[in-house]
Amino acid sequence: INAFCVWCLASAVAATVIAVAAWFDHVEDHRAVSAERELKYYFMSLLLFTPIAFGAYAYLIQPKAIETIQQIRSNR
């Protein structure tokens, strides 16, 4: 197979990263201070990765030029 789907590969990488991150997850004693620190961490992660995600999505949905059979045959 000489073709691949960029969206499928990105999805596979994301699923792999989530699975690896879940492997290291463990139960913690939740105190008010640790819960607040965790919320701040999640919020900062959201602020950091939202522009990256939108940029990647905008790149993925750009239309690409499609070669027609006549163009392929004329280049031979």
Side-chain angles (χ1 to χ4, degrees):
I1 298 174
N2 293 329
F4 58 89
C5 171
V6 176
W7 185 258
C8 298
L9 290 177
S11 176
V13 169
T16 303
V17 168
I18 291 169
V20 169
W23 182 265
F24 294 104
D25 193 21
H26 60 278
V27 177
E28 297 179 2
D29 294 332
H30 285 288
R31 296 180 297 268
V33 175
S34 69
E36 185 177 342
R37 188 176 342 128
E38 190 173 353
L39 272 172
K40 285 181 182 178
Y41 173 75
Y42 286 143
F43 183 68
M44 294 304 289
S45 298
L46 177 72
L47 290 179
L48 176 68
F49 289 109
T50 298
I52 294 170
F54 277 114
Y57 182 72
Y59 172 75
L60 287 173
I61 63 171
Q62 288 180 349
K64 303 289 182 195
I66 300 173
E67 289 189 55
T68 63
I69 294 174
Q70 290 81 15
Q71 288 174 333
I72 293 171
R73 288 181 182 164
S74 67
N75 289 336
R76 290 184 182 180

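Throughout, numbering of the chain's residues begins at 1 and tracks the sequence. Not measured: the values here are computed from a predicted model.
Side-chain heavy atoms closer than 4.5 Å link hydrophobic residues (I, L, V, M, F, W, Y) into clusters, and following such links, even through other members, never connects I52 to L47. Under a hydrophobic-cluster definition in which Ile, Leu, Val, Met, Phe, Trp and Tyr are linked whenever side-chain heavy atoms come within less than 4.5 Å, directly or via other members, Y57 and L48 are assigned to different clusters. Linking Ile, Leu, Val, Met, Phe, Trp and Tyr residues whenever their side-chain heavy atoms come within less than 4.5 Å places V6 and L9 in a single cluster. Under a hydrophobic-cluster definition in which Ile, Leu, Val, Met, Phe, Trp and Tyr are linked whenever side-chain heavy atoms come within less than 4.5 Å, directly or via other members, V17 and V20 are assigned to different clusters.
Remark: the backbone N or O of L46 is paired with a side-chain donor or acceptor of T50 at under 3.5 angstrom.
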